[in-house]
Amino acid sequence: MFGAKKPTLRQQADNKLLDLAFYLREGILSYQEADILAANKHAEADVTLLLQKAKYDFVYRQIRARKIKSQRISPDMFF
């Protein structure tokens with residue numbers, strides 16, 4: 001009766017979207033670190049990196065369209 005208010009469906013979707021953006025960002029950072037440390041550069045890694053950046057860009061645009069506020073993501077992180 002007087003417990004905490006349950007999160008709405010929109011709040012749950014927003015949180016999942018933020019988690020996905022954070023996951024993609026961490027993946028991009030790990031790819032960039034591995035690329036810097038790699039002795040032999042692979043074209044596959046570049047394609048994978050570009051794909052992850054495109055996914056992050058799409059998710060970021062969705063977050064901005066939904067007007068979600070977060071300190072975990074930034075607009076100029078990779079582009």
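Just so it is clear, the values below take in all heavy atoms, side chains as well, and ignore hydrogens, waters and symmetry mates.
- Exactly one residue among Lys55, Lys53, Arg61 makes a side-chain hydrogen bond (donor to acceptor under 3.5 Å, both in side chains) with Asp57. That residue is Arg61.
- Shown here are the side-chain hydrogen bond (donor to acceptor under 3.5 Å, both in side chains) partners of Asp19, two or more places apart in sequence or in another chain: Arg72.
- The structure places CZ of Phe58 at 10.0 Å from CG of Leu20, a figure rounded to the nearest 0.5 Å.
- Under the rule for a salt bridge (Lys or Arg N to Asp or Glu O under 4.0 Å), the partners of Arg66 that lie at least two apart in sequence or sit in another chain are Asp14.
- Distance check: Phe22 CZ to Tyr56 OH gives 10.0 Å after rounding to the nearest 0.5 Å.
- Taking OH of Tyr31 as the reference point, atom CG of Leu50 lies at 11.5 Å (rounded to 0.5 Å).
- Distance CD/Gln52 to CG/Leu29: 10.0 Å, rounded to 0.5 Å.
- Residues Ser30 and Gly27 approach most closely at OG-O, 2.8 Å, considering heavy atoms.
- Taking CG of Leu18 as the start and CD1 of Ile68 as the end, the distance is 5.0 Å to the nearest 0.5 Å.
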